[in-house]
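Bear in mind that the values here come from a model prediction, so they are computed numbers and not experimental data. In what follows, chains are A, B, ... by sequence order, proteins preceding strands, each numbered from 1.
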Amino acid sequence: MSNQPETPEKGKDFIRQTIDKDLESGAYDGRVHTRFPPEPNGYLHIGHAKSICLNFGVARDYQGECNLRFDDTNPVKEDTEYVDSIKEDVTWLGFDWEDRQFFASDYYQFFYDVAELFIRMGKAYVDHLSADEIREYRGTLKAPGKNSPYRDRGVEENLELFRTMKGGGMKDGECVLRAKIDMAAPNIVLRDPTIYRIKHAHHHRTGDAWSIYPMYDFAHCLSDAHEGVTHSICTLEFENNRALYDWVLDTLMEGMKDASLFAENPEFLEFLKSKPGFNARPHQYEFARLNITGTVLSKRKLIQLVQEGHVDGWDDPRMPTISGLRRRGYTPESIRDFCDRIGVAKADSTVEHALLESCLRQDLNERAPRYLGVMNPLKVVIENYPEDQVDEFEMPLHPEDESMGSRVVPFSKVIYIERDDFMEEPPKKFFRLGPGREVRLRFAYYVTCTDVIKDENGEIVELRCTYDPETRGGWSKDGRKIKGTLHWVSAEHAAPAEVRLYNSLFTVDNPNAAEEGKTFVDYISPESKEVLTECLVEPALKEMKPGTHFQFERTGYFCADLRDHTPGGTLVFNRTTTLRDTWAKIQKQMKK
RNA sequence: UGGGGUGUAGCCAAGUUGGCAAGGCAACGGGUUUUGGUCCCGUCAUUCGUGGGUUCGAGUCCUACCACCCCAGCCA
């Protein structure tokens, strides 16, 4: 990966600007340390890719480090299936956390020790109010809350209760540990937030060792500091939580000043002092999460699509998940380029899907080898071509990159062309094949249509043509102008293939904004997936490896399916995206 | 008693000591082309949410408004 910014003159995003200032002022002794902190409760999607590129990108740009940390503080939602997929996706995107793979659950004992410290400091208490009561006592957005009757329990009582919670001696929901801050705080996050709750649940890593689990706000900042993270980057919806992030860390650092609080546990104080993160603490910065037109990017909605069977799993090529994009044929390079181009800012925004496609096409145009494949075959017999003759044409795999080499494509008397490339009554701007017209067969010959054969329903079933032997290779000495060039396959040599055409999953730009009585699933497009089973492709594709990217000339970019394609067996190709199609654009304009 | 944020072109987004509105995508013209692809050239903000003010000069400073987003989980 290049360390050179693509456009050096482009202004840095606000996070990098902040880091520049920190570096200038000597903060963190010049260290830059970030982390990507997914909760292992779902698959990663392209919104996560933005965060991954930011966090790992910042570390790369400043010769710092970026940790992979699984934020697993809620055992009922999390599973190892997700940690495996997350690791695979981050790696596939091209990032490396080296030996810094962590879990919040690695720090459970540490969190617990901090909680006891807070109790000793009089900064936390066990509350026996029910969940409903806590909500009532919290007040509203505009009205202050009121103190819990348990708020002023003594340190010893709190300690004993908290230890009972930990020891499993209480039922789920019986009580919680709360931070003692301010029930009248204008920021609701600060109204004595819950920091520990009781859950007798099996954790994917710690098993049944714990019956209490810390809340995000308590665990996250402590994890950051524990790992020596300097810049903790998250999305906008956590802006309000920053006050609590700061409170927890500042309270801990305040506590570190009083050695008497550590009388029972002096080595804990030493441990804290030895960690840079508890001396120069991390700070949180928030950026706007990614939205893209024509798709949904919320975990809840993505799960719903999978569970209700609207798509064929997390890696369905229509899904905006990393695994879905991968299977669709997106490259990591194109996704990284996209993340670079959209920028990082604080304004809520929705990026047009066209930008993602543009990044994709730019990358694939450079690297995808070209092949010939016919989606909807129309038989063509070349009447003056010798019965048993087979021509072999050597065709370049890439028109602008000779180093990619070439392949040989056989040609014979009976070929297939694309049905859309023939019109019996062509309009003015159509310059493909029609009765009496001459076109070029790519890298082969010029052919002229002499006859159209139809079945009893009037359906065109076959074309008769003649070819000009003087145009071998697809070029004529006499300088004859040929407007159209068609792709083709030799009937005798072609391989059958299944091609899956994918379009936008939704019919509207913003499926999230559903009308009265509808939800986003009501906007799923019936045309999002179309399976073509009668396709014919050139023989070179028979041995293609799953996951290979290529272009069917004049049709689009494709990818051999990761699951269903077998070299030498069933050929299955996914359409990653179409080529830019000015003919389609002209057709649209003509309809108007 | 509400608090926290954000408004620059159709979509992203630079713009940081006030000095004459980057770039990308899209769109639209034109050229090249054995892919209606690619590539190349050109057009696309007299104005920065709105109104006042300060100043020789304001997207940048002051002020008053407006719009949108987030927050009342024992989710993250």
- [ ] Determine the contact category for Val351(A): base if any of its heavy atoms lies under 4.0 Å from a base atom, sugar-phosphate if only primed atoms, P, OP1 or OP2 are that close, otherwise nothing.
- [x] sugar-phosphate
Task: Gap between atoms CG and P, on Leu355(A) and G10(B) respectively (whole Å) - done: 17 Å
- [ ] Return the nearest nucleotide to the side chain of Met215(A); candidates are G37(B), C74(B), G10(B).
- [x] C74(B)
TODO: Assign Thr293(A) to base, sugar-phosphate, or nothing according to its heavy-atom contacts below 4.0 angstrom with the strands shown.
DONE: nothing
Open item on the list: Can you work out whether Ala184(A) or Phe431(A) has the more 5'-proximal nearest nucleotide on RNA chain B?
Closed with: Ala184(A)
TODO: Could I get the full list of salt bridge (charged side-chain N to carboxylate O under 4.0 Å, His left out) partners for Arg205(A), not counting sequence neighbours?
DONE: Asp106(A)
Open item on the list: Classify Ala131(A) by what it touches in the nucleic acid, base, sugar-phosphate, or nothing, heavy-atom distance under 4.0 Å.
Closed with: base
Task: Whole angstrom value for the distance that separates C1' of C68(B) from CD of Glu237(A) - done: 16 Å
- [ ] Scan residues 399-411 of chain A against RNA chain B and write down, sorted by residue number, each residue with any heavy atom closer than 4.0 Å; if none is found, say none.
- [x] Pro399(A), Glu400(A)
- [ ] Quick one: do Tyr445(A) and Phe411(A) satisfy ring-ring contact (aromatic ring centres under 6.0 Å, His included)? Show the steps, please.
- [x] CA-CA 10 Å; Tyr445(A) 291 106; Phe411(A) 180 90; 5.4 Å; yes
TODO: Check every strand shown and say whether Thr555(A) touches a base, only sugar-phosphate, or nothing at a heavy-atom separation below 4.0 Å.
DONE: nothing
Open item on the list: Once you apply a heavy-atom cut-off of 4.0 Å, does Phe430(A) come out as touching a base, just sugar-phosphate, or nothing?
Closed with: base
Open item on the list: So Leu290(A), base contact, sugar-phosphate only, or nothing? Heavy-atom distance under 4.0 Å.
Closed with: nothing
- [ ] Not counting sequence neighbours, list each pair that qualifies as a side chain to side chain donor-acceptor pair (under 3.5 Å) and has a residue in residues 182-194 of chain A.
- [x] Tyr125(A)-Asp192(A), Arg151(A)-Asp192(A)
- [ ] Remember a base hit wins even if backbone is also touched, and classify Arg432(A) as base, sugar-phosphate or nothing at under 4.0 Å, heavy atoms.
- [x] base
Open item on the list: Classify Lys299(A) by what it touches in the nucleic acid, base, sugar-phosphate, or nothing, heavy-atom distance under 4.0 Å.
Closed with: nothing
TODO: If a protein heavy atom is under 4.0 Å from the base, mark B; if only from the sugar-phosphate, S; if neither, -; do that for nucleotides 3-8 of chain B going 5' to 3'.
DONE: BSSS--
- [ ] Using a heavy-atom cut-off of under 4.0 Å over every strand shown, decide if Lys585(A) touches base, sugar-phosphate, or nothing.
- [x] sugar-phosphate
TODO: Take atom CG of Asn241(A) and atom P of C69(B), then tell me their distance rounded to the nearest Å.
DONE: 19 Å
Output a table of donor-acceptor pairs, distance under 3.5 Å, between side-chain atoms of residues 342-353 of chain A and any protein atom two or more places apart or on a different chain; print 'none' if there are none.
unit_1	atom_1	unit_2	atom_2	d
Lys346(A)	NZ	Glu239(A)	OE2	2.9

Task: Nearest to side-chain heavy atoms of Asp581(A), which nucleotide of C12(B), G36(B), A76(B) - done: G36(B)
Open item on the list: Please classify the nucleic acid contact of Gln551(A) as base, sugar-phosphate, or nothing, using heavy-atom distances under 4.0 Å.
Closed with: base
Task: Anti or syn - G73(B), cut at 90° from 0 - done: syn
Open item on the list: Using ring centroids (six-membered ring only for Trp), state whether Phe162(A) and Tyr196(A) fall under 6.0 Å.
Closed with: yes
- [ ] Mind running side-chain hydrogen bond (donor to acceptor under 3.5 Å, both in side chains) on Arg367(A) and His549(A) for me, showing each step along the way?
- [x] CA-CA 8 Å; Arg367(A) 64 204 299 182; His549(A) 305 276; over 6 Å; no
TODO: State the pairing partner of U46(B); accept Watson-Crick or G-U wobble contacts with both distances under 3.5 Å, and report none otherwise.
DONE: none
Open item on the list: Checking Asp20(A) now: which residues fulfil salt bridge (charged side-chain N to carboxylate O under 4.0 Å, His left out) with it, not counting sequence neighbours?
Closed with: Lys12(A)
- [ ] Would you classify Leu486(A) as touching base, sugar-phosphate or nothing, given that sugar-phosphate means primed atoms plus P, OP1 and OP2, and contacts are heavy atoms under 4.0 Å?
- [x] nothing
Open item on the list: Can you see whether Glu227(A) engages Tyr107(A) through a side-chain donor-acceptor pair at a distance of less than 3.5 angstrom?
Closed with: yes
TODO: Just call it for Phe238(A): base, sugar-phosphate, or nothing, with non-hydrogen atoms closer than 4.0 Å on any strand.
DONE: base
Open item on the list: For Arg440(A) and Ser358(A), find the nucleotide of RNA chain B closest to each by heavy atoms; which residue's nucleotide sits nearer the 5' end?
Closed with: Ser358(A)
